[in-house]
Amino acid sequence: MRQRILIVDDEASIVTLLKFNVEQAGFETDVAYDGLEAVQKAEEGDFDLIILDLMLPEMDGTEVCKHLRSNKIDTPILMLTAKDDEIDKILGLELGADDYLTKPFSPKEVVARIKAILRRSIKAEESPGISMQVGDLTIYPDRYEAEINGEGLMFTRKEFELLYYFVSNKGIVLSRDKLLSAVWNYDFAGDTRIVDVHVSHLREKIEPDTKKPTYIKTVRGLGYKLERPKV
């Protein structure tokens, strides 16, 4: 069965372009032209990924993203923005988007990003049904779940995938480029700020004090390292 992609954009020409190239890459597609229609289809349909424009009528892309995540719909989201604005990009990631592209974009790059996101999702879903523990943190790779001291934690799909990679490489210093390649599966130069935003989210959820992290340590000039908190 082919994977399904929901394309959300209010510009018919963009939708036509994306639909053609995504279907040529072997995916099934559905489309929505405003935020409300996007929410309805995302809640009712079974999609493997959502391509979501930032500037939409009815509800903008950030509102759609926030609504879906607050309703526990963790379908990966690739956000599109016509604005070359750092605030918009970071806001989209903070609200749960997995990645972003700035218009104008290459259709080939869109397809490459889609495949990269889905490859990582499939790998995580195929992880053996075991638990992994570091200190009081326990994660369950097959269920996309984690807990600290028995208390469940909420993550977006990409946040969990990053946490899983950290735990799988406990004690190893990981550069931002390495994390970008391993978790986002980029085979081309990407924006490492994506990594920093997601690390910040993880710290907010697993660290007792985000200003003095005990799990995910920053290694200056190199990257990050996850380790067991010292008692």
Side-chain angles (χ1 to χ4, degrees), residues 1-118 120-121 144 154-161 184 190-191 193-194 197-198 200-201 204-205:
M1 185 175 179
R2 293 195 298 173
Q3 292 171 301
R4 300 183 69 222
I5 310 294
L6 176 62
I7 299 169
V8 187
D9 199 301
D10 62 332
E11 296 184 50
S13 59
I14 297 293
V15 171
T16 300
L17 177 67
L18 288 172
K19 183 177 174 64
F20 174 79
N21 284 276
V22 170
E23 290 181 352
Q24 285 292 105
F27 300 99
E28 291 184 2
T29 65
D30 195 359
V31 302
Y33 292 93
D34 63 59
L36 290 177
E37 183 182 15
V39 167
Q40 181 180 7
K41 289 194 172 184
E43 290 179 337
E44 296 177 354
D46 183 18
F47 295 99
D48 296 283
L49 184 139
I50 300 170
I51 301 175
L52 179 64
D53 188 37
L54 178 66
M55 301 301 291
L56 294 169
E58 305 299 336
M59 291 175 68
D60 67 26
T62 56
E63 292 176 313
V64 171
C65 191
K66 182 177 181 180
H67 177 87
L68 295 180
R69 295 305 187 231
S70 65
N71 284 276
K72 300 183 179 180
I73 296 175
D74 65 352
T75 306
I77 294 174
L78 172 60
M79 185 167 282
L80 305 178
T81 172
K83 295 181 178 180
D84 190 14
D85 190 326
E86 181 72 11
I87 294 176
D88 290 315
K89 296 172 182 176
I90 297 302
L91 180 59
L93 293 172
E94 288 179 343
L95 293 174
D98 296 88
D99 198 358
Y100 66 81
L101 275 175
T102 302
K103 296 178 181 178
F105 51 78
S106 161
K108 289 184 178 180
E109 185 173 10
V110 174
V111 171
R113 296 285 183 102
I114 290 171
K115 290 181 176 179
I117 294 170
L118 293 178
R120 180 57 193 165
S121 297
Y144 274 80
M154 293 292 296
F155 296 102
T156 66
R157 179 180 290 266
K158 190 56 64 179
E159 289 168 2
F160 184 87
E161 289 166 3
W184 281 263
D191 191 336
R193 286 169 294 184
I194 295 174
V197 169
H198 282 75
S200 176
H201 289 173
E204 289 173 358
K205 296 175 181 180

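Predicted model, so just to flag it, every value in this text is computed and none were measured.
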Using every non-hydrogen atom in the two residues, find where [X] and [Y] come nearest and quote the distance to one decimal.
X    : Y    : answer
C65  : M79  : CB-CE, 4.2 Å
R157 : P76  : CD-CG, 3.5 Å
Y100 : R113 : O-NH1, 3.0 Å
E63  : M59  : OE1-CA, 3.3 Å
L6   : A32  : CD1-N, 4.3 Å

Can you give me every donor-acceptor pair (side chain of residues 36-43, partner residue at least two apart or in another chain, under 3.5 Å) with its distance?
{"unit_1": "E37", "atom_1": "OE1", "unit_2": "Y33", "atom_2": "N", "d": "2.9"}
{"unit_1": "K41", "atom_1": "NZ", "unit_2": "D30", "atom_2": "OD1", "d": "3.1"}
{"unit_1": "K41", "atom_1": "NZ", "unit_2": "V31", "atom_2": "O", "d": "2.7"}
{"unit_1": "E43", "atom_1": "OE2", "unit_2": "H67", "atom_2": "NE2", "d": "2.8"}

Using a 4.5 Å cut-off on heavy atoms from C-beta on, say whether the side chain of [Y] contacts that of [X].
X    : Y    : answer
K103 : M55  : no
I73  : F47  : no
K66  : T62  : no
I51  : I114 : yes

Give, for atom [atom1] of [X] and atom [atom2] of [Y], the distance between the pair rounded to the nearest 0.5 Å.
X    : Y    : atom1 : atom2 : value
L18  : I5   : CG    : CD1   : 11.0 Å
T75  : D46  : OG1   : CG    : 7.5 Å
T16  : I7   : OG1   : CD1   : 9.5 Å
M154 : F160 : CE    : CZ    : 12.5 Å

- Item | Any donor-acceptor N/O pair, D98 side chain to L78 backbone, under 3.5 Å |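 No; judged by distance alone, with no hydrogens or angles, the pair does not exist.
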- Task: Please step through side-chain contact (heavy atoms from CB on, under 4.5 Å) for the pair Q3 and L49, ending with a clear verdict.
- Result: CA-CA 8 Å; Q3 292 171 301; L49 184 139; over 6 Å; no
- Option passing side chain to side chain contact (heavy atoms under 4.5 Å, CB included) with L80 (candidates L52, L101, V8, T102):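 Exactly one candidate clears the test, L101.
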- Item | L54 and its side chain to side chain contact (heavy atoms under 4.5 Å, CB included) partner, picked from T81, V64, D9 |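 Running side chain to side chain contact (heavy atoms under 4.5 Å, CB included) over T81, V64, D9 with L54 returns exactly one hit, T81.
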- Message: Taking the basic N atoms (NZ, or NE/NH1/NH2) and the acidic carboxylate oxygens, is any pair closer than 4.0 Å for E161 and K158?
- Response: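 Salt bridge present between E161 and K158.
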- Item | salt bridge (Lys or Arg N to Asp or Glu O under 4.0 Å) partners for K205, two or more places apart |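 Testing K205 for salt bridge (Lys or Arg N to Asp or Glu O under 4.0 Å), a comparison that skips the adjacent residues, returns E159.
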Just list the side-chain donor-acceptor pairs under 3.5 Å for residues 20-27, sequence neighbours left out, or say none.
{"unit_1": "N21", "atom_1": "ND2", "unit_2": "L17", "atom_2": "O", "d": "2.8"}
{"unit_1": "E23", "atom_1": "OE2", "unit_2": "K19", "atom_2": "NZ", "d": "2.8"}
{"unit_1": "E23", "atom_1": "OE2", "unit_2": "T29", "atom_2": "OG1", "d": "2.6"}

